[in-house]
Student: 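Okay, handing you the structure first.
None of the values given here were measured: they were computed from a predicted structure.
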Amino acid sequence: MRKTLLIATVAMAFAATASAAENIKATVHADQAGAKINREIYGQFSEHLGTCIYGGLWVGEDSKIPNIQGYRKDVFDALKALKVPVLRWPGGCFADDYHWMDGIGPKSQRPSLRNNNWGGTIEDNSFGTHEFLNLCEMLDCEPYISGNVGSGTVKEMAQWVEYMTSDGDTPMARLRRQNGREKAWHVKYFGIGNEAWGCGGNMTPQYYSDEFRKFNTYLRDYTGNKLYRIASGASDYDYDWTTVCMKNIGDRMQGISLHYYTCSGWDGPKGSATQFDNDQYYWALGKCLEIEEVIKKHKAIMDKADPTGKIGLLVDEWGTWWDEEPGTISGHLYQQNALRDAFVASLSLNVFHKYTDRVKMANIAQIVNVLQSMILTDQEGTGHMVLTPTYHVFRMYTPFQEATYLPVDLPTETIQVSKAYFKEKEGARDAGYRPCPMLSASAAKAVDGSLVLAVTNVSLDKAQAIDFQLDGYEAKTVSGEILTAKNVADFNDFQHPDAVAPKPFTAAKLKKNVLTVQVPAKSIVVLTVK
């Protein structure tokens, strides 16, 4: 593997900081409040994939692993601390192969299911509608159901909505009561299909738009429950899909999805989660940040068709996608989670904050044991659990939920990473250069009136001293946390659960309403200013 980094350094409003002795001058515009940062931007995604559900969220009431009504207790407690706002289920690609009636009633009578999308695993359907919606109630989060358009019927989907949300004397409500749930659940978010352009049916946007209109016609709002109807939106750079859906579906939907993953390339190896060189590190962060341009272009299409902003853009699948860990089951997408993944989480959330006027939800993929997960559990059933660096970012960022976005001016050096190497070695789709800024920041006025500021320094070797002028905010105290490690490839495992973990941060000082922050290389700092 080549060790020489293919980069060219470019100055971006950086002349004033050329001297290492001079601090970077930045501004937090607390006097220019923006939109509310919806808590749903911190959403999670749980799919019947690998051990996300079975062995991750669910072990069953008879398991030797401590559980609460079948939910794995250590995982449940960790998610409760994360203040999960919304949880998507049952997929993903699995959703358009899922028939909900197989997952209700006595567990001993539920038919087994072959997971055709993910490794051919046989599962017993012991985790179904009741188990999912009860978990959401216990976590105090909104459920987000993905309905089956690809292989399902209009009647099947309509009956599912009735089963979950009707409190009347209707056939599906009576069936729900027969299965032990008297009161209807509150279900706000409902996806009408998933990845209709791919595993959800390989449809054209024109055909899918017609399917949406047909299915949507028969989804009723019962007993005061009003569905927020979500269309299966585009993958990455497919702007035509958004254009067609906005035209043909229009205000029949309240939201449209967008999927975007960070990896080394779809046409070849995606790269290891823990073994990568400097080229791959910076390239991945540049790819992660490319989501901003993708959001801006989809947003422009939506702004033209929906100038009042009634329809939300939901990034309901995002995160890193690396090669499966050696020795794990093929198709289960079990990957480790290094400090590099924490940077992807931090940088992505900073972008989502900027566009919260249109981006109403985001769901990282996935919550346990799959892709860029919050939590890893053991694969042998011994009851071990570890929190990932990505979990720590989400926990550190919780003050941003429902806060008011504040613009930040932060000059930064940007490097240009060559993509030619990755076209040859990793199967990337294009050559050229990808920019990777060294610094990123996001600020907001929290619900309690405090100012929260996140600063991310992705440089492998350069610390930064930054003076933040706090315009429109009288600051008296500052406290914070830092997430870093010796190497960006460091990760937590069952033998070393705290190799990458937050620590108190004391290198921030206030003087005359200027916040000076000494940000170490390869670190994420979150500060609370009061």
Student: If you look at every heavy atom in Lys188 and Asn225, which pair is closest and at what distance?
Tutor: N-OD1, 4.5 Å
Student: Enter the distance from Glu290:CD to Arg434:CZ here, rounded to the nearest 0.5 Å.
Tutor: 4.0 Å
Student: Among all residues two or more places apart in sequence or in another chain, which pass the side-chain hydrogen bond (donor to acceptor under 3.5 Å, both in side chains) test with Ser442?
Tutor: His353
Student: Decide side chain to side chain donor-acceptor pair (under 3.5 Å) for His259 and Asp236; before the verdict, give the C-alpha distance in whole Å, the side-chain angles of both, and the deciding distance to 0.1 Å.
Tutor: CA-CA 6 Å; His259 292 179; Asp236 311 290; over 6 Å; no
Student: Flag the pair Leu510 / Leu470 as yes when at least one side-chain heavy-atom distance between them is below 4.5 Å, and no otherwise.
Tutor: yes
Student: Output the distance between atom CE (Met396) and atom CG (Leu349), rounded to the nearest 0.5 Å.
Tutor: 11.5 Å
Student: Has Ser146 got a side-chain atom pairing as donor or acceptor with Gly91's backbone, closer than 3.5 angstrom?
Tutor: yes
Student: Which heavy atom in Val393 sits nearest to a heavy atom in Ala345, and how many Å separate them?
Tutor: CG1-CB, 4.0 Å
Student: Apply side-chain contact (heavy atoms from CB on, under 4.5 Å) to residues Leu313 and Ile256 and explain how you reach the verdict.
Tutor: CA-CA 5 Å; Leu313 181 62; Ile256 186 169; 4.3 Å; yes
Student: By side-chain hydrogen bond (donor to acceptor under 3.5 Å, both in side chains), which residues pair with Asn363, not counting sequence neighbours?
Tutor: none
Student: How many angstroms lie between CG in Leu453 and CG in Leu406, if you round to the nearest 0.5 Å?
Tutor: 9.5 Å
Student: Is Thr456 reaching over with its side chain to a backbone N or O of Leu347, donor-acceptor style, under 3.5 angstrom?
Tutor: no
Student: Begin from the C-alpha positions of Cys141 and Cys136 and carry the test disulfide bond (SG atoms under 2.5 Å apart) through to its verdict.
Tutor: CA-CA 5 Å; Cys141 75; Cys136 289; 3.9 Å; no
Student: With sequence neighbours excluded, tell me which residues meet ring-ring contact (aromatic ring centres under 6.0 Å, His included) with Phe394.
Tutor: Tyr42
Student: Mind listing the closest non-hydrogen atom pair of Pro437 and Val458 along with its distance?
Tutor: O-CG2, 3.5 Å
Student: State, with a plain yes or no, whether a side-chain heavy atom of Gln44 is found less than 4.5 Å away from one of Val86.
Tutor: no
Student: I need the full list of salt bridge (Lys or Arg N to Asp or Glu O under 4.0 Å) pairs touching residues 351-377, with sequence neighbours left out, sorted by first then second residue.
Tutor: Glu292-Lys354, Lys299-Asp357, Asp303-Arg358, Asp306-Arg358
Student: Donor-acceptor check, side chain of Glu61 to backbone of Asn67, threshold 3.5 angstrom: yes or no?
Tutor: no
Student: Indicate the atoms forming the closest heavy-atom contact of Asp341 with Ala273, along with that distance.
Tutor: OD1-O, 4.3 Å
Student: Does Thr484 reach the main-chain N or O of Lys522 with its side chain, forming a donor-acceptor pair under 3.5 Å?
Tutor: yes
Student: Side chain of Asn457, backbone of Ser459: donor and acceptor closer than 3.5 Å?
Tutor: yes
Student: Would a 4.5 Å heavy-atom cut-off, applied to side chains only, mark Met164 and Phe190 as touching?
Tutor: yes
Student: Any side-chain heavy-atom pair from Tyr473 and Leu515 closer than 4.5 angstrom?
Tutor: no
Student: Measure the spacing between OG1 of Thr51 and CG of Asp378 and express it to the nearest 0.5 Å.
Tutor: 9.0 Å
Student: Search all heavy atoms of Arg340 against all heavy atoms of Ser272 and return the closest pair with its distance.
Tutor: NH2-O, 2.9 Å
Student: Can you tell if the side chain of Thr390 reaches within under 4.5 Å of the side chain of Met374, non-hydrogen atoms only?
Tutor: yes
Student: Parallel, tilted or perpendicular: which one describes the rings of Tyr281 and Phe343, with boundaries at 30° and 60°?
Tutor: perpendicular
Student: side-chain hydrogen bond (donor to acceptor under 3.5 Å, both in side chains) with His392: which residues, sequence neighbours excluded?
Tutor: none
Student: I'd like to know if Glu481 and Arg395 make a salt bridge, using a cut-off of under 4.0 Å between side-chain N and carboxylate O.
Tutor: yes
Student: Taking the side chain from Asn38 and the backbone from Glu40, do they hold a donor-acceptor pair closer than 3.5 Å?
Tutor: no
Student: Within the distance-only criterion (no hydrogens, no angle test), does the side chain of Gln401 pair as donor or acceptor with the backbone N or O of Thr398 below 3.5 angstrom?
Tutor: no
Student: Determine yes or no for a side-chain-to-main-chain donor-acceptor pair under 3.5 angstrom, with Asp490 supplying the side chain and Ala499 the backbone.
Tutor: no
Student: Compare all side-chain heavy atoms of Thr377 with those of Val368 and state whether any distance is below 4.5 angstrom.
Tutor: yes
Student: Can you find a pair of side-chain heavy atoms, one from Met385 and one from Ile375, that are under 4.5 Å apart?
Tutor: yes
Student: So does Gln280 get a backbone contact from the side chain of Asp277, meaning a donor-acceptor N/O pair under 3.5 Å?
Tutor: yes
Student: Answer yes if the ring centres of Tyr144 and Trp89 are under 6.0 angstrom apart, and no otherwise.
Tutor: no
Student: Is there a side-chain contact between Gln464 and Val455 (heavy atoms, below 4.5 Å)?
Tutor: no
Student: Sequence neighbours left out, what pairs pass disulfide (SG to SG under 2.5 Å) with at least one residue falling in residues 323-366?
Tutor: none
Student: Identify the two heavy atoms, one from Ala338 and one from Phe491, that lie closest to each other, and give their separation to 0.1 Å.
Tutor: CA-CB, 3.9 Å
Student: What's the separation between atom CG in Asp124 and atom NZ in Lys107, rounded to the nearest 0.5 Å?
Tutor: 9.0 Å
Student: Exactly one of Tyr261, Phe352, Phe45, Tyr260 should register a ring-ring contact (aromatic ring centres under 6.0 Å, His included) with Trp318. Which one does?
Tutor: Phe352
Student: Rounded to the nearest 0.5 Å, how far apart are CD of Gln335 and CG of Asp323?
Tutor: 9.0 Å
Student: Less than 4.0 Å between a side-chain N and a carboxylate O, is that true for Lys83 and Glu402?
Tutor: no
